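What follows is one structure encoded as structure tokens, with my remarks underneath.
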Amino acid sequence: MKTISSKVVKKFITRSPSLLSSTASLTSIASFNVSNKAFPSSLLDDFAKFCYQRDLPRAMQALELMHTHCIWADCIAYSELIKCCLARRAIQHGKRVHVHLFSNGHVPKTFLINILINMYVKFGLLHDAQDVFEKMPDRNVVSWTTMISAYSAAKLNDKALEFLVLMQREGVRPNMFTYSSVLRACDGLFNLRQLHCCIIKIGLDSDVFVRSALIDVYSRWGQLENALRVFDEMVTGDLVVWSSIIAGLAQNSDGDEALRLFKRMKRAGFLAQQPTLTSVLRACTGHAGLVEEGLYYFHSMKELYGIDPGREHYGCMIDLLGRAGRLSEAVDLINEMECEPDAVTWRALLNACRVHRNVDVAIHAAKQVLRLDPQDAGTYVLLSNIYANSQRWNDVAEVRRAMTTRGIKKEPGCSWIEVCKQIHAFILGDRSHPQISEINIQLNQLIYKLMGVGYVPDTNFVLQDLEGEQMQDSLRYHSEKLAIVFGLMSFPRGQTIRIRKNLRICGDCHLFAKLVAKMEQRIIVIRDPVRYHHFQDGVCSCGDFW
DNA sequence: CCACTGCGTA
């Protein structure tokens, strides 16, 4: 079947757009006769034209005709059509294109199948994408990278990393696109170093995307020295690289350095965008001294950078004011928001209430969180604990009932630590670790030692403990305590103990970690789902606000 | 026949 060259059509369109009256072309389609010899190429002409003109209804009409007569256009026209489906979020049309492309045993080129996979990914239909990927005859680096980036974005990290291995096993070499995607899925405890070595070895570390992703992942896993090293080695950077390191410093509680770099960035001639400003505001939540600076940046965003504050910026400000104990200002801000506050916004306020023990506002905020995110187990537990603390037993029962009806299950607390390239997991109430007896003995000795210097287990964690209803005695079996002790047992003194946790750390464990860091002269880093805690010399980088 | 397209970061 003859296909027209899309380049010709493209040229034609750019030179004389007025000649392409789509109404006229549509009439010609309608009057087509199958026996007409001119029919196929002229139909394909029209199809290509409609695709380039982004005339989705007419392009689809032409496609249906082509489909009936088993003819196919060239792949560039289809790629334009799929772009158009994506832009209009026309899922059904997209699926129709898919059916057509594979009908009657026809197999499109790899290039086109890749576009189709990407279409499903961008529509959020990961299963369809996977299906097309699995059935395609030859997969190239783009096919693999598209799937890897989809998995990374969907937080299916194991899948993303598995695909990185599989593609290489099939002889397909990852490129800078692949690495910048897969880094997002990378677990800082485990394989980041390996990945970074591969990147350097094949010389992809100068790519700005890869560089930003490296900075981001090192920062996310608390390895700020490495993030800074990647940043400092930069010869040519861009806004995103700068934003990444500013975000990294802000995340790791080095607000002053983050702001210094922000100023340097401006001097280097880069204009901040939304994510940059989010990080700048986050940097200001670092300590009390930066509250005014944060307010200044927030209020001058529009004027200095032409950016209207979005949800993230409001969220940061609520966090910042909340942390400073300025709860009523935080409430005012949430009421002033132009965009509807989402669950994250309310959770920021709830968190401030939790730390500053404001029960009334906490209840209101928790209800808002649950209205917007009815699956948030932590907030149910927190709300029920608040009610319990005020002896409001009917309300407690109601929250519990809501949890049961909605099928919400509280995750057990779990902490992970890497020792000798092995990940050890400690789950609350789970005694399956081979050295659990030894760990418990050491833990009890440690608690005893700490009590000698004034440690009192904090059982009043009603407004703090998201792990909820454990009895006083089970405090000592909180997973992070077990992981800390195991870290003490496994590492020499100079080595940082790095722990990852699925739930927010409770007040007692936080105090425990601070005291252990001091007494044992260790640096302990715990990453919870929200932030980092660097324990050193009896203090935590979070300044007791988390 | 060739080259080209399509996949990525804060």
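In what follows, every chain begins at residue 1, and chains take the letters A, B, ... in the order their sequences are listed. The figures here come from the full heavy-atom set of this structure, side chains too, leaving out hydrogens, waters and symmetry mates. Small disclaimer: the values here were computed from a predicted structure and weren't measured.
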Please give, in whole Å, the distance from B/dG6 P to A/Ile76 CD1? 8 Å
Side chain of A/Leu239: nearest nucleotide among B/dG6, B/dC7, B/dA10? B/dA10
Is the number of heavy atoms from other residues, nucleotides or ligands within 6.0 Å of NZ (A/Lys266) greater than 12? yes
Go through the N and O atoms of the side chain of A/Thr145 and the base of B/dC7, and report whether any donor-acceptor pair is under 3.5 Å. yes
Counting only side-chain nitrogens and oxygens, does A/Asn114 get under 4.0 Å of the OP1 or OP2 atom of B/dC7? no
Please collect all salt bridge (Lys or Arg N to Asp or Glu O under 4.0 Å) contacts where either partner lies in residues 212-221 of chain A, sequence neighbours excluded, each pair once. A/Asp216-A/Arg220
Under-4.0 Å side-chain N/O to phosphate OP1/OP2 contact, A/Arg184 with B/dT9: yes
Please state how far atom CZ in A/Phe133 lies from atom C1' in B/dC7, giving the value in whole angstrom units. 12 Å
Please report the distance, rounded to the nearest Å, between CE in A/Met234 and P in B/dA10. 16 Å
Shortest side-chain distance from A/Phe111, nucleotide among B/dT5, B/dC7, B/dA10: B/dT5
What integer distance in Å separates A/Leu183:CG from B/dA10:P? 10 Å
Between CG of A/Leu116 and P of B/dT5 the distance, given in whole Å, is 20 Å
So, using ring pair (Phe, Tyr, Trp, His ring centres under 6.0 Å) as the criterion, who are the partners of A/His299 when residues are at least two apart? none
Any side-chain N or O of A/Lys83 below 4.0 angstrom from OP1/OP2 of B/dG6? yes
What about A/Ser243, does its side chain sit under 3.5 Å from the base of B/dA10 through a donor-acceptor pair? yes
At 4.0 Å (heavy atoms only), tell me whether A/Val241 reaches a base, stays on the sugar-phosphate, or touches nothing. nothing
Scan the side chains in residues 132-140 of chain A for donor-acceptor partners under 3.5 Å anywhere in the protein, sequence neighbours excluded, and list what turns up.
{"from": "A/Lys135", "atom 1": "NZ", "to": "A/Asp131", "atom 2": "OD1", "distance (Å)": "3.4"}
{"from": "A/Lys135", "atom 1": "NZ", "to": "A/Asp131", "atom 2": "OD2", "distance (Å)": "3.0"}
{"from": "A/Asp138", "atom 1": "OD1", "to": "A/Thr110", "atom 2": "OG1", "distance (Å)": "3.3"}
{"from": "A/Arg139", "atom 1": "NH1", "to": "A/Phe133", "atom 2": "O", "distance (Å)": "3.0"}
{"from": "A/Asn140", "atom 1": "OD1", "to": "A/Asn114", "atom 2": "ND2", "distance (Å)": "3.2"}
{"from": "A/Asn140", "atom 1": "OD1", "to": "A/Val142", "atom 2": "N", "distance (Å)": "3.0"}
{"from": "A/Asn140", "atom 1": "OD1", "to": "A/Ser143", "atom 2": "N", "distance (Å)": "3.1"}
{"from": "A/Asn140", "atom 1": "OD1", "to": "A/Ser143", "atom 2": "OG", "distance (Å)": "2.9"}

Per the under-4.0 Å heavy-atom filter, residues of residues 250-282 of chain A near DNA chain B come out as A/Gln273, A/Pro275, A/Thr276
Mind telling me whether A/His510 and A/Phe535 have parallel, tilted or perpendicular rings, with 30° and 60° as the class edges? perpendicular
Provide, to the nearest angstrom, the distance between the NE2 atom belonging to A/His313 and the P atom belonging to B/dA10. 15 Å
Side-chain atoms of A/Ser149 come closest, of B/dG6, B/dC7, B/dT9, to B/dC7
Round to the nearest Å and state the distance from A/Tyr52 atom OH to B/dT5 atom P. 13 Å
Check salt bridge (charged side-chain N to carboxylate O under 4.0 Å, His left out) between A/Arg260 and all other residues, then give those that pass, not counting sequence neighbours. A/Glu257
Does any pair with a residue in residues 93-118 of chain A pass salt bridge (Lys or Arg N to Asp or Glu O under 4.0 Å), and if so which ones, sequence neighbours excluded? A/Glu64-A/Arg96
Once you round it to whole Å, what is the distance between P of B/dC7 and CE of A/Met136? 14 Å
